[in-house]
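For reference, the structure is listed below as structure tokens.
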Amino acid sequence: MQVSQFDLSAFEEEAQEKWTHAFESNPSRLEKFYINVAFPYPSGAMHVGHGRTYIVPDVVARFWRMKGRQVLFPMAFHVTGAPVVGISKRIAAGDEKTIRLYRDLYRVPGNVLEGFTEPLTIVKHFAAEYQRVMTACGLSIDWRRRFITVDPTYSRFIEWQWKHLYEAGHVIKGAHPVRYCTVDDNPVGDHDLLEGDKAEVIKFTLVMFRYGDAFIPCATLRPETIHGVTNLWANPTVTYVKILLDGKPWIVSKEAAEKLALQDHTVEITGEIKGSDLVDKKVSHPLCGEITILPAEFVDPDMASGMVMSVPAHAPFDYIALRDLQQAGKYKDIKPIPLIKVEGYGEVPAQFAVEKAGIANQMDSRMDALTQEIYSAEFSKGKLFEKYGGKPVRVARDDVALLMTEKYDSVVMYEFDVRPVVCRCGNKVKVKILHDQWFLKYSDPAWKQQVKDQLKDMALVPPEVRLEFDRTVDWLKDWACTRRVGLGTRFPWDTTQLIEPLSDSTVYMAYYTIAHRIKEIDSKLLTPEVFDYIFLGKKSDDLPEKKKLDAMREEFLYWYPYDFRFSAKDLISNHLTFQIFHHATVFEGQKNLMPKGMVVFGMGLLNGAKMSSSKGNVFLLEDAVKEFGGDTVRMFLMGSAEPWQDFDWRNELVLSTKKQIERFYNTVMEIKDATGEPHDIDRWLMSRLQLHIAKTTEALDNFQTRQALQEAYFGIETDLKWYHRRLPKDCDGSRELRELCSVWIRLLAPFIPFTGEHLWKGLAGEGLVSFAPWPKMDAQQVNEKAELSEELLARTVEDVESIKKLIQITPRAITIALAPQWKHEVFRTIAQASDKNTVIKEIMKDENMRKRGREATDAAKQITTLIHRLPPYVVGPLVRDPINEQAVFEAAKGFLEQEFGVAIHIVPAEDAGQVKALTALPFKPAIIIE
RNA sequence: GCGAGAAUAUCUAAGUGGCCAACAGAGGCGGACUCAAGAUCCGUUCCCGUAGGGGUUCGCAGGUUCGACUCCUGCUUCUCGCACCA
């Protein structure tokens with residue numbers, strides 16, 4: 001194998017071998033820097049989107065390591081929760097779609113796939129895959145600390161954490177309505193839904209109408225409209241059931257009976273009654289008196305109780321249904337009873353709206369929108385009539401609901417706002433009230449305040465996310481924190497339940513600090529007292545393995561708190577905020593152990609479309625590394641956008657990134673052994689290099705990987721091109737270039753560490769670039785004058801070229817005419833003037849200036865414009881310490897003649913003998929092409 | 001609907017009051033090298049222009065200012081989140 005050849009995969013192999021244990025990090029005399037990422041849930045193969053999530057922190061880790069910090073970058077795997085349980089079931093059941101995903105897209109070998117009927121096998125398989133691919137990407141992780149969240153030791157740690165949450169009063173027990181599948185006998189999450197994932201659980205009030213000695217309940221979101229009820233609707237084609245609900249006789253639809261049984265009621269079916277038999281019967285309610293049941297086939301037995309109360313004055317559906325009956329000559333004596341006054345909707349809002357829209361019948365597609373419109377208008381602007389209390393609707397609604405619940409037998413019923421809601425198993429999902437449901441009381445204002453205080457002290461990147469965090473804290477309600485299915489740690493106060501997966505991954509960053517050491521202790525010995533000692537320093541008697549515990553305590557104190565946590569932005573509204581809540585409790589009163597900062601990422605796109613495993617729109621990270629190389633993948637992901645912006649993966653763009661790395665490699669190989677004597681231009685090059693060092697460092701300090709690459713790669717490359725152009729023909733670079741290579745390799749090493757290691761070996765011989773010192777800007781080498789001179793020269797060359805292009809003649813000679821001294825003085829005066837309007841007058845007061853008359857005023861005006869156009873980094877130095885333009889051009893004469901292939905004359909403007917020469921200005925000589 | 005962001009030339013994208021016709025990269029076009037291709041290098045890439053200039057631009061419509069890509073108001077479109085799920 002030829003070492004001089006650019007062969008990324010060879011570099012990778014070579015570096016991998018040296019890195020095997022290199023990034024295992026232990027406490028040392030150095031100052032620490034601890035970063036971590038939200039750990040992955042390994043239920044499938046990694047795609048390039050995952051790649052960036054872990055490569056950004058790796059670049060940061062490598063940067064700080066080179067800056068001389070003791071860096072900790074650990075990784076673990078989150079395997080608790082329900083998804084893999086579902087996946088394993090589906091695979092066991094032979095579900096084609098799932099099997100295809102795992103067999104074809106993730107390319108799981110057949111014999112391995114067979115084992116996927118066991119959930120733990122899936123996550124263990126992919127955790128191993130993750131580690132393999134992460135390593136292939138060059139992630140500088142301390143793998144000794146790896147764990148998975150069902151390790152017994154980890155479970156002991158979770159139990160300890162929860163003990164503190166519980167003792168602080170943050171863990172409470174309650175009842176909770178959930179989506180529930182009666183076939184699976186389990187709550188149903190979003191991803192388990194076939195249909196209706198947007199459906200919300202709505203709390204309805206059942207208005208209880210008396211029918212003989214039984215109740216007929218009608219569900220409503222608008223209990224205040226009870227005063228306007230003119231009738232009930234029953235579906236004559238439906239068979240209703242008579243039930244005993246908590247011992248009381250009710251009449252509801254069959255579906256409703258099943259639903260109510262799931263919502264804290266005992267339900268016993270005692271008989272049936274046809275809908276048609278209910279029609280024309282009388283019912284009554286204390287707030288609306290006696291009314292009649294009317295027939296309506298639009299009544300859906302699967303919606304709430306299956307019976308509907310009719311308020312034709314305010315509900316368009318009711319209004320039309322009644323109108324239709326009346327047009328058929330029936331129930332002519334029923335009149336809509338308005339009860340809400342709302343601006344702009346006439347006396348009877350439903351009638352007004354229906355007639356205005358010209359709606360002919362119930363089937364009109366605009367009915368839903370119309371209903372919504374009236375509902376919103378009445379809620380926001382409506383007021384009840386004086387005889388009903390005169391309150392705004394938004395107040396009256398709650399008042400009436402409360403009154404009904406307290407005095408008129410109303411109960412609550414939960415139902416979805418959108419239907420159908422269908423489980424993956426095909427069954428209709430219902431709402432069930434779960435008891436023995438435990439919550440984390442994120443609603444607690446005192447706890448929220450602790451989090452807000454902490455957020456104020458945290459560094460958030462990018463700063464715009466701060467507002468989103470603040471809003472999230474305000475908005476968080478109690479979080480159901482126990483589950484009945486899935487993998488996880490048993491809930492200590494009810495061991496039939498598990499701790500919910502988001503709730504068990506909130507302080508594990510502390511666990512990383514001791515993860516490799518705690519493996520040596522039998523998990524049975526890990527009582528809460530042990531963790532109290534390790535993390536909180538609380539001493540107690542009979543602690544086991546005291547020596548080991550002391551070492552852990554020491555290591556924890558060395559690393560903690562973490563400096564930065566990295567995660568994608570979709571976790572702001574849960575995980576990233578939860579972890580602050582939990583830290584606030586577990587480490588209460590220990591400000592010095594609270595998280596210091598967070599960096600939030602954007603999302604990934606593939607060829608402009610969202611990456612999605614289920615849609616097959618993914619590019620596996622491993623394939624990317626194989627096809628393009630680890631360094632290429634890294635550099636592309638870091639360079640195409642800043643971490644918090646969304647990025648788009650396109651293979652054709654990645655390919656050109658690979659060429660760039662190769663170009664870098666070849667350039668370094670060409671110039672690293674140059675031995676020539678330094679020229680003036682070398683001073684310029686080394687001066688520019690200092691600027692790139694400073695800017696790259698600043699960018700990486702701020703996590704701007706793209707900006708850093710711009711400086712470290714393209715900035716230096718562009719300078720080198722100019723350098724080579726400026727070099728005399730017979731010269732191919734000075735020995736200064738070796739230093740430049742050394743700096744350049746190190747600046748790029750965090751991004752392309754494989755190529756970096758290879759080149760570093762060739763240059764420095766010993767040691768790893770991963771631990772080489774980060775380049776420091778050397779102020780001694782900054783040469784303002786050299787930079788200014790080159791700027792002048794480059795601008796002049798540019799001007800000559802643009803003139804040449806326009807006039808399209810073959811020049812015979814080029815004259816560069818330099819501005820006279822007095823113009824330089826004018827330049828200085830104007831540049832320093834505070835008032836640009838009066839400065840020209842000031843200048844013209846001068847005796848010598850006045851002598852020049854018109855020429856001086858014109859020059860002053862042109863110079864004013866010029867100063868506006870020049871960047872401050874030119875004007876400033878020019879004022880402080882002007883350059884000798886004559887000398888600059890004389891020194892570059894050879895270069896200019898070589899560039900343009902003609903004789904170059906450099907003369908003072910006065911001596912040029914040409915009108916054009918008089919337009920010469922400071923930093924902008926007149927150019928005369930002949 | 002609610003909350004948080006975003007909109008710049010063919011694409012990615014820098015740019016928070018005058019350094020801006022707008023950094024950089026990619027792509028396109030032209031040229032050099034080459035038998036040729038690739039790589040590399042040079043030029044060009046809003047419109048006009050035989051002298052370094054002028055014109056029209058930064059989602060749309062207004063406003064503030066001597067001056068706006070940059071600040072304010074309204075609108076449109078897109079992304080993320082809206083939970084018991086990782």
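Below, chains carry the letters A, B, ... as their sequence lines are ordered, and counting in each starts from 1. We use all heavy atoms of the structure for the numbers below, so side chains are in, but hydrogens, waters and symmetry mates are not.
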Problem set entry | Step-by-step side chain to side chain contact (heavy atoms under 4.5 Å, CB included) determination, Asn702(A) to Val461(A) | CA-CA 8 Å; Asn702(A) 295 315; Val461(A) 181; over 6 Å; no
Problem set entry | Nearest-Å distance once atom P is located in both rA26(B) and rC60(B) |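 After rounding to an integer number of Å, I get 29 Å for this pair.
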So if I take every side-chain heavy atom of [X] and compare against [options], which nucleotide ends up nearest?
X         : options                   : value
Pro871(A) : rA86(B), rA39(B), rC19(B) : rC19(B)
Ser573(A) : rA86(B), rG81(B), rU50(B) : rG81(B)
Leu476(A) : rA86(B), rA83(B), rG81(B) : rA83(B)
Ala641(A) : rA13(B), rA83(B), rA26(B) : rA13(B)
Ile807(A) : rA86(B), rA83(B), rA51(B) : rA51(B)

Atom pairs, N/O to N/O, protein against nucleotides 28-34 of chain B, distance under 3.5 Å?
none

Problem set entry | Identified ring pair (Phe, Tyr, Trp, His ring centres under 6.0 Å) partner of Trp744(A) from the options Phe751(A), Tyr665(A), Phe664(A) |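 Answer to the ring pair (Phe, Tyr, Trp, His ring centres under 6.0 Å) test with Trp744(A) among Phe751(A), Tyr665(A), Phe664(A): Phe664(A).
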For this session: Could you tell me whether the side chain of Asn574(A) has a donor or acceptor atom within less than 3.5 Å of a complementary atom in the base of rA86(B)?
Result: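 Such a pair exists between side chain and base.
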For this session: Using a 4.0 Å heavy-atom cut-off, write out nucleotides 2-9 of chain B from 5' to 3' as B (base contacted by protein), S (sugar-phosphate only) or - (no contact).
Result: -BSS----
Exercise. Hey, does the side chain of Arg663(A) come within less than 4.0 Å of rU40(B)'s phosphate (OP1/OP2), counting only N and O?
Worked result: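 So the side chain of Arg663(A) is within the cut-off, an N or O lying under 4.0 Å from OP1 or OP2 of rU40(B).
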Only counting residues at least two apart or in another chain, list the ones meeting ring pair (Phe, Tyr, Trp, His ring centres under 6.0 Å) with [X].
X         : answer
Phe581(A) : Tyr442(A), Trp447(A)
Phe619(A) : Trp649(A)
Tyr713(A) : none
Tyr723(A) : none

For this session: Could I get the full list of side chain to side chain donor-acceptor pair (under 3.5 Å) partners for Trp475(A), not counting sequence neighbours?
Result: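 Trp475(A): no side chain to side chain donor-acceptor pair (under 3.5 Å) contacts found.
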Exercise. Contacts to RNA chain B from residues 702-714 of chain A, heavy-atom cutoff under 4.0 Å, which residues?
Worked result: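 By residue number: Arg706(A), Gln710(A), Phe714(A).
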For this session: List in numerical order all residues of residues 923-930 of chain A for which some heavy atom is under 4.0 Å away from an atom belonging to RNA chain B.
Result: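 Only Lys924(A), Pro925(A), Ala926(A), Ile927(A), Ile928(A), Ile929(A) qualify.
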Problem set entry | Stem segments of RNA chain B by first residue number [Watson-Crick or G-U, under 3.5 Å, at least 3] |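 Consecutive-pair runs (3 or more) involving RNA chain B: B:1-7 with B:76-82, B:10-12 with B:24-26, B:27-32 with B:40-45, B:46-48 with B:53-55, B:59-63 with B:71-75.
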Exercise. Between the main-chain N or O of Leu576(A) and the side-chain N or O of Gln579(A), is there a donor-acceptor pair closer than 3.5 Å?
Worked result: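 Pair found, side chain donor or acceptor close to backbone of Leu576(A).
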Exercise. Mind checking what makes side chain to side chain contact (heavy atoms under 4.5 Å, CB included) contact with Asp494(A), not counting sequence neighbours?
Worked result: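 Testing Asp494(A) for side chain to side chain contact (heavy atoms under 4.5 Å, CB included), a comparison that skips the adjacent residues, returns Asp436(A), Trp438(A), Phe491(A), Thr496(A), Gln497(A).
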Give me the distances for all protein-to-nucleotides 42-46 of chain B N/O pairs that come in under 3.5 Å?
| from | atom 1 | to | atom 2 | distance (Å) |
| --- | --- | --- | --- | --- |
| rU44(B) | OP1 | Lys805(A) | NZ | 3.0 |

